[in-house]
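Down below is the structure, laid out as structure tokens.
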Amino acid sequence: MLNTGKLKKIKSNFPVLIGSNVVSKDICNLLIDEISNSKAFDDMIMRGRSRINKGSKNFKSYIKRSDKSAKLFRLFNSKLFYKRIENLFYKNFKNQSWTNSYKPEVFNTSKFTIKKKLNSNELKKLFGNNYTNPKVNLDIDFSVSKGGYRLRPHRDDITRVYNFLIYLNDIPKKNGGSLTIYRKKTKKKFRKSFKRFPKINELEVVKSFTPKKGTVIFFQSTPNSYHGVSLFVEKNCSKRFFIYGSYALNKPVIWKYKGTPYYPHIINTKKRMLTSFHNANYLTSAPKN
Ligand SMILES: [Fe+2]
């Protein structure tokens with residue numbers, strides 16, 4: 001169903017594996033049909049992206065009536081496949097600068113990142129301050145975006161180890177909606193902090209990928225893995241169908257750069273938000289709480 005042998009590394013400031021025709025065109029079309037036939041979506045985010053999220057009742061019934069989506073979900077939701085991806089990254093990036101301090105050994109198939117809205121104190125409590133022995137789980141959503149969808153440059157949630165994208169249809173370049181990878185403009189040998197949302201003028205574009213049917217991208221969610229999506233214009237073109245997911249820990253990932261650990265500092269807020277909406281910066285000092 002998914003030919004991981006076609007995934008190849010690209011030149012980037014953080015580990016990225018990409019391949020075209022990793023999922024066959026026929027299967028992409030069937031997946032599009034299944035998403036199109038879904039009457040209910042769990043939420044809409046980023047001005048136009050409708051999602052069916054792992055963990056919701058709706059997701060369960062979607063999986064029950066959607067053959068190909070179920071097959072893909074079961075493939076990703078397994079320790080075996082997680083290990084395959086982990087190995088691919090180790091093999092392709094042997095001398096990598098970024099490493100995960102605490103490798104998860106337990107894969108929890110039924111777990112998912114909670115979709116409850118929390119303030120920063122509640123989130124900190126949820127994570128605790130012991131970062132050892134993490135467990136890993138799959139988070140996945142079947143998504144369709146309409147015009148207006150965009151994502152400003154950011155790094156993903158602090159619990160994520162790997163992120164992936166499966167594009168189900170071709171989007172003409174002029175319609176936007178391409179995934180853009182960024183790096184910080186000034187090249188320092190050593191950086192004390194990595195903000196979750198750097199300003200656009202602090203960044204330069206490394207690469208941009210126009211969605212192509214069957215293309216799959218995996219990237220390691222390191223503190224510097226800045227990426228975004230350019231504005232998608234739905235003009236003389238279909239909606240943007242894709243599957244987004246990640247392998248996430250049940251606590252923050254403590255990333256190390258050439259042996260130096262970076263700890264996430266969650267920004268205080270009384271506002272209740274989804275865990276993935278919280279702002280946190282990676283710093284070389286441990287948080288005090
Ligand atoms: Fe992201």
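Computed over heavy atoms, backbone and side chain alike; hydrogens, waters and symmetry mates excluded. Whatever order the structure lists them in is the order used to number ligands and atoms, beginning at 1. The shown structure was predicted, so the numbers you read here are calculated from the model rather than taken from an experiment.
Residues Lys251 and Thr159 approach most closely at O-CG2, 3.7 Å, considering heavy atoms.
Evaluation of the side-chain contact (heavy atoms from CB on, under 4.5 Å) rule for Lys235 yields Asn175, Val233 as partners, not counting sequence neighbours.
Using modelled atom types and a 3.5 Å distance limit, the side chains of Arg160 and Ser221 yield no donor-acceptor pair.
Under a cut-off of 6.0 angstrom, the local environment of NZ in Lys213 is crowded, with over 12 non-hydrogen atoms contributed by other residues, nucleotides or ligands. Within 6.0 Å of the CG atom in Asn236, the count of heavy atoms belonging to other residues, nucleotides or ligands does not exceed 12.
Protein atoms that are N, O or S and lie under 2.8 Å from the Fe ion (ligand 1) are these: His154 NE2, Asp156 OD1, His227 NE2.
With salt bridges taken as basic N to acidic carboxylate O contacts below 4.0 Å, none links Arg51 and Asp42.
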